[in-house]
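Notes follow the structure.
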2 protein chains.
Amino acid sequence: MEKGFVIGLKNGQQSRSMATIYEVAKEAGVSPKTAARILAGSSSRPKNKELVMAAAKKLGYVRNQQAANLRSGKSGLIGLIIPSITSPFYPWFFQTIHDTALAKGYQVLLSSVSGGHSEVVKALQMMEANRVEGLLFNMSEWDDKESLEILNRFVERKQPVIVGGTNLGKIQADEIVIKNIEAIEKATSYLIKTGHKKIAFISGPQAALGNRERLEGYRNAMDKAKLMVKDGWVCEGTGEFVEGLDLAKTLLRMSDRPTAIVCATDLIAIGAMKAAQEMGLSVPNDLAVTGFDDIPWAKLSAPSLTTLRQPQNRIARETVNLLIERINSKDISNPRRLVFEPDLIIRESA
Amino acid sequence: MEKGFVIGLKNGQQSRSMATIYEVAKEAGVSPKTAARILAGSSSRPKNKELVMAAAKKLGYVRNQQAANLRSGKSGLIGLIIPSITSPFYPWFFQTIHDTALAKGYQVLLSSVSGGHSEVVKALQMMEANRVEGLLFNMSEWDDKESLEILNRFVERKQPVIVGGTNLGKIQADEIVIKNIEAIEKATSYLIKTGHKKIAFISGPQAALGNRERLEGYRNAMDKAKLMVKDGWVCEGTGEFVEGLDLAKTLLRMSDRPTAIVCATDLIAIGAMKAAQEMGLSVPNDLAVTGFDDIPWAKLSAPSLTTLRQPQNRIARETVNLLIERINSKDISNPRRLVFEPDLIIRESA
DNA sequence: ATTTGTTTTGACATCGTTGTCAGTTTTAGT
DNA sequence: ACTAAAACTGACAACGATGTCAAAACAAAT
């Protein structure tokens, strides 16, 4: 059956398969290569250009990107692996990555890994199979041999990889570093400066490096101010709102209850504020609360949340730019660290 | 230069390009076809299987998906076009689509279109060029000739398309229908039932069909109850929080201010509540507020928001399932409508 | 041992595009 | 008009995988 022409279907309807460059060339009366060149935008005799453009339009020609990629050895894809697009922070992160990449001619292949280790491995394999030209690997909780192996394969092949949140020096790649310790120190010190002495901390899962660092920042600040951290004042949650609510209630029920809570995420903090309100305590008078991330909610909550702002846009933009630079220069030597320090945004909650 | 082997680089480092099936076959001492077959999992002589598996492992072979796709005429891709992943509702929508598609062997190619019409066209062209096997087109504001043309090309080629939020019967495709009118009627009637007579409405951009329907629902309910809609009680915003805040303030400054506001989105509603609080009014005593979407915030806000829940998970799951069914059956005749009616979730704000 | 039937195998072609490079046309300069 | 330089064109091969189909290897049965 000749290609690109009407073919019959069971139900008697008709359909066209997509036209190829050969058909366009034939229709225009030029060679396929010429047609391809013209459609790719390089210069040509005006007449041919007209002919080819007309033919392409007539046949509804759309370049087959997969074939083009195969031939040219590029995929035009950037891989992005993140924990879950549903956790605040990531949608903005993705949007900026997407837009920046698009502007430079790249598509983003997103894997939002909600499951465990095997899901990460699957995502990485998929990225490999789809020949992404660069990879942003942004898993906060991760230390799995199999995926490490795959990441190392990328590096061996000199394919750029940027790791966020978790590298630990295990692979020789660029890193996004958030100054968690310093940030939480800032928030804690601020509370101390405003007179608080009994300050508790609700952390996220300690399996994640970032969360361990945040806890460290809290302890540092308390140590520096020679303040005691009472038993039970440090509690570990999942980073979810509900958890924040429950843990805060437990804290507030203590006989000698803390007057301030430093929270490892904004969601926890909002949960903690809700807990206080449900128990009839006023924020910030009876309880001061700080968060981390500055998710959009933070300024909408009542009271609005004092928090540490992660400049997602800047992080995302600089990260993609570095990645694309790496792709273009074909040089992944001398791994860089993109360091970001969250700013303390003072609002009503503390 | 022989492929798959060490090649020199400027900086003296070395790199391997990815091994192909030919190299695996050579290493294993079988034909490429046999290697391919074994790697695809079909039966073979045990000895060959061992040899090929060993060779693949040794060379770090990863199938080139693009090449495989080209040959097999499938892309394994589902396209998803949405307005912006940063607006609440979509991250969950995407995650469910992503997970469901993955479970059935499809990857999701996401275009989060933050710009105007030309961006939509670009996204559609990209989806076409990448030969997505099915397309979920979920733009709420949209009536642009060029993109319509592309969508129609999909349909002519019998490639499944599911349109959400906006079809208007312009193309013959499956549709996701949210019963906006009925939903807002429910919320408005509920307010009326609880004694409110002066009820205002803050809508999203009327360019979007969904927003026009929501306004219609409000008017219907008011009409049915024979309640007057005063001049200025219906205002149009962008759907953003800030807009909700400002418009609500304007409403509340009116001499004869409304006692309740029906909002077209949760963000608007949260803004409206904040406006009331800033003006010293209590929600729900001085002002009742209802939202739309039931974004996660809705139940965290203070007071928690009475709203209309869109079952994103169910919508997403049923949509992908239909799409994949269409892909497999190669039959896009008899367009279906997936109809969803939001539930009224009564919380504290009304 | 021979035949028949079944399962595996591999040479070749192909998917749609583009790089290479020699050949052709056009342009510019005299 | 003629020549050299510049611009464009097209035949061919290749990217990496897999479908086709005939040939080969094995198994079962006589």
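Letters A, B, ... mirror the listed sequences (proteins, then strands); counts begin at 1.
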May I have the list of side-chain donor-acceptor pairs in residues 101-120 of chain A shorter than 3.5 Å, sequence neighbours left out?
unit_1, atom_1, unit_2, atom_2, d
K104(A), NZ, N321(A), OD1, 3.3
Y106(A), OH, E133(A), OE1, 3.3
S112(A), OG, I85(A), N, 2.8
S112(A), OG, Q95(B), OE1, 2.4
S114(A), OG, D99(B), OD2, 3.3

Could you state the NZ-P distance from K47(A) to dT25(C), rounded to the nearest angstrom?
-> 13 Å

Could you verify whether a donor N or O on one side chain and an acceptor N or O on the other, from T96(A) and N313(A), lie under 3.5 Å apart?
-> yes

Distance in angstrom units between L70(A) CG and dG19(C) C1', rounded = 13 Å

Check the distance between dT17(C)'s C1' and E23(A)'s CD and give it to me in whole angstrom.
-> 13 Å

Spacing of L39(B) atom CG relative to dA17(D) atom C1', expressed in whole Å = 11 Å

Is there a side chain to side chain contact (heavy atoms under 4.5 Å, CB included) between I162(B) and E175(B) once you walk through the steps?
-> CA-CA 5 Å; I162(B) 302 184; E175(B) 283 180 76; over 6 Å; no

Residues forming a side-chain hydrogen bond (donor to acceptor under 3.5 Å, both in side chains) with D144(A), sequence neighbours excluded = S147(A)

Kindly say whether S44(B) contributes a backbone atom to a donor-acceptor pair with the side chain of N48(B) at under 3.5 angstrom?
-> no

Let me have a per-nucleotide readout for nucleotides 4-13 of chain D, 5' to 3', with B, S or -, counting only protein heavy atoms under 4.0 Å.
-> ----SBBB-B

Rounded to whole angstrom units, what separation is found between the CZ atom of R63(A) and the P atom of dC15(D)?
-> 20 Å

Interatomic distance, Q65(A) CD vs dT18(C) C1' [rounded to whole Å] | 12 Å

Round to a whole Å and report the spacing from CD of Q66(A) to P of dT18(C).
-> 13 Å

Give the C-alpha distance, both sets of side-chain angles, the deciding distance and a yes or no for salt bridge (Lys or Arg N to Asp or Glu O under 4.0 Å) between R45(B) and E50(B).
-> CA-CA 9 Å; R45(B) 250 147 249 172; E50(B) 262 176 52; over 6 Å; no

Rounded to the nearest angstrom, tell me the gap between atom CD1 in I21(A) and atom C1' in dA14(D).
-> 17 Å

